[in-house]
Amino acid sequence: MDIAFLSQTMATLIKAVPTTLLLFSLSVFFGGLLALLIVWMRVSGNPLLSGFARGYIFVFRGSPLLIQMFLVFYGLGQFGVIRYSFLWPFLREPMVCAVLSLALCTAGYSAEIFRAGLRAVPTREIEAARAIGMSGFLLVRRILAPVAFRHALPAYSTEIVLMMKSTALASLVTVWEVTGVAQRLISQTYRTMEVFLCAALIYLVLNFLILQALALLEYALSKHRRAPSAAAGPLPR
Amino acid sequence: MSGPPRLSVRNIRKSFGTHEVLKGISLEARDGDVISLLGASGSGKSTFLRCINLLEIATEGEIFVDGEEIRMVKKGGHNQPASQKQVDHIRSELGMVFQSFNLWSHMTILQNVIEGPVHVLKRPRAECIAEAEALLEKVGIVDKRHAYPAHLSGGQQQRAAIARALAMKPKAMLFDEPTSALDPELVGEVLRVMRALAEEGMTMLVVTHEMSFARNVSNRVVFMREGVVDSAGAPQDMFGSGASPAFRQFIGHFGQA
Ligand SMILES: Nc1ncnc2c1ncn2[C@@H]1O[C@H](COP(=O)(O)OP(=O)(O)OP(=O)(O)O)[C@@H](O)[C@H]1O
Ligand SMILES: [Mg+2]
């Protein structure tokens, strides 16, 4: 085993980790916001809004992310309105295109996950909230959202891990994140195995950390489901 | 007694589709009244209670809380509250206690009790906590204030739910079969709390199957049958010789006739 080559490769790849993390966090953030909007439309009771949300979810869940990304990267510029708009300097950037398509896609999945969470909020608890005078945003903020989020968290964790892996696709629209840099190394060295193993290891470590953080969050948010003694006790691990 | 009635309901009708559940019900509760609503299953007791705090919207009729009329508008042939703000305000003035407690399971008992005062009434948190602890003391579960609802017995949960409603300092309280979901040995502890409230002068409208409560605690008994008030009166009259044949038959099922 060529330790020198491996550590050199690792060092090069690690330099690309910030780009991967930026892609990941921006798309999870904007995707999450967009998902909230889509969920709101979906459950609004307005047939037009809810129809749009259904369509959105179908399109972004039903087509390959890679194709969505290519369409955003190569396709947007074909529209004159976009090409000559003030947004073009941004939309021309590979990073922006990648974040845009990752966010659009994860919003479709997350919207369905959040909606399932919302449906798990007991009607009785909603009624109790209405009965003391809560409605609208207050009801959402105090009762619906916290309970729905707790229910959605396990499925949402999976979606977040999938997002981390999906950032690898951004290499195909020339964003130099971990996978992109790995491919460039391979084209220079032809040592496919070692370079990709290093890259895989980086993703594993990142996802391990993310999953740990999410598990902690889930533990903290499910105090009410544990036995009283365990609720006060230390973290079992 | 001076001032407007705490609660005044005039000629309430409610239909679900073509099924008319309430066929014109009127009722008035003055300050300190404790009214027991009795009736067979399906007679519309819950629906009536839910119409008063607008969890159901009556098809027709007028509701006044402490003299304030709930404004309705016709929308597409249906009655709708004119203002959600007024609805929220009215609800904050009426404490509701449900058959199945309906505590918020993700909050501790104390958090359940201060939720309304802090976030609906927007009162200072420290003040609300002090009041909540006093209320929990009163209903006998102050030692459970940091527990979650799932860790309490049914009787304790219902007492917590009563404390939650009381924390809003309601003008009247609505109880929908507060003891029906409880094991028989836990019924007493909840009834004791309700009795204490009645003695303090709380205005209460109680749907119940507890004949001892109707007979001994309330000052008025209303018997509903098929969506109308069949008969109403003071408990000594209702449970005495003045009972209607239908009420006599109804209480016969409880072995109390
Ligand atoms: N949301 C609803 N949609 C349709 N029908 C309803 C609805 N709620 C109640 N009903 C009907 O209205 C009638 C009265 O119901 P309600 O719950 O008010 O009776 P109740 O007197 O409280 O009975 P119980 O003692 O069983 O609680 C029943 O026939 C019931 O099926
Ligand atoms: Mg009922």
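Keep in mind that this is a model prediction, so the values were computed, not measured. Each chain gets a letter, A, B and so on, in the order the sequences are listed, and its residues count up from 1.
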Top contributor to chain A contacts, counting heavy-atom pairs under 4.5 Å, from Met96(B), His119(B), Met168(B): His119(B)
Portion of Leu121(B) that has a non-hydrogen atom of chain A nearer than 4.5 angstrom: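 Leu121(B) has no heavy atom closer than 4.5 Å to chain A.
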Residue part contacting chain A, namely of Ala147(B), when any heavy atom lies under 4.5 Å: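 Neither part.
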Lys75(B) atom NZ, over 12 foreign heavy atoms within 6.0 Å: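 It does not: Lys75(B) NZ has 12 such atoms or fewer within range.
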More than 12 heavy atoms from other groups under 6.0 Å of CZ on Phe79(A):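 No, the 6.0 Å shell around CZ holds no more than 12 heavy atoms from other groups.
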Would you please go through [range] and name the residues with a non-hydrogen atom below 4.5 Å from one of chain B, in numerical order?
| range | value |
| --- | --- |
| residues 22-57 of chain A | none |
| residues 94-120 of chain A | none |
| residues 131-164 of chain A | Ala131(A), Ile132(A), Gly133(A), Met134(A), Ser135(A), Leu138(A), Arg141(A), Arg142(A), Ile143(A), Pro146(A), Val147(A), Arg150(A) |

Roughly how far apart are [X] [atom1] and [Y] [atom2], rounded to 0.5 Å?
| X | Y | atom1 | atom2 | answer |
| --- | --- | --- | --- | --- |
| Leu103(B) | Arg124(A) | CG | CZ | 11.0 Å |
| Asp88(B) | Arg130(A) | CG | CZ | 9.0 Å |
| Asn102(B) | Thr123(A) | CG | OG1 | 9.5 Å |

Listed partners of Asp33(B) passing salt bridge (charged side-chain N to carboxylate O under 4.0 Å, His left out), at least two apart: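 With neighbours one apart ignored, the set is Arg220(B).
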Glu127(A) vs Arg50(B) side-chain heavy atoms within contact, under 4.5 Å: yes
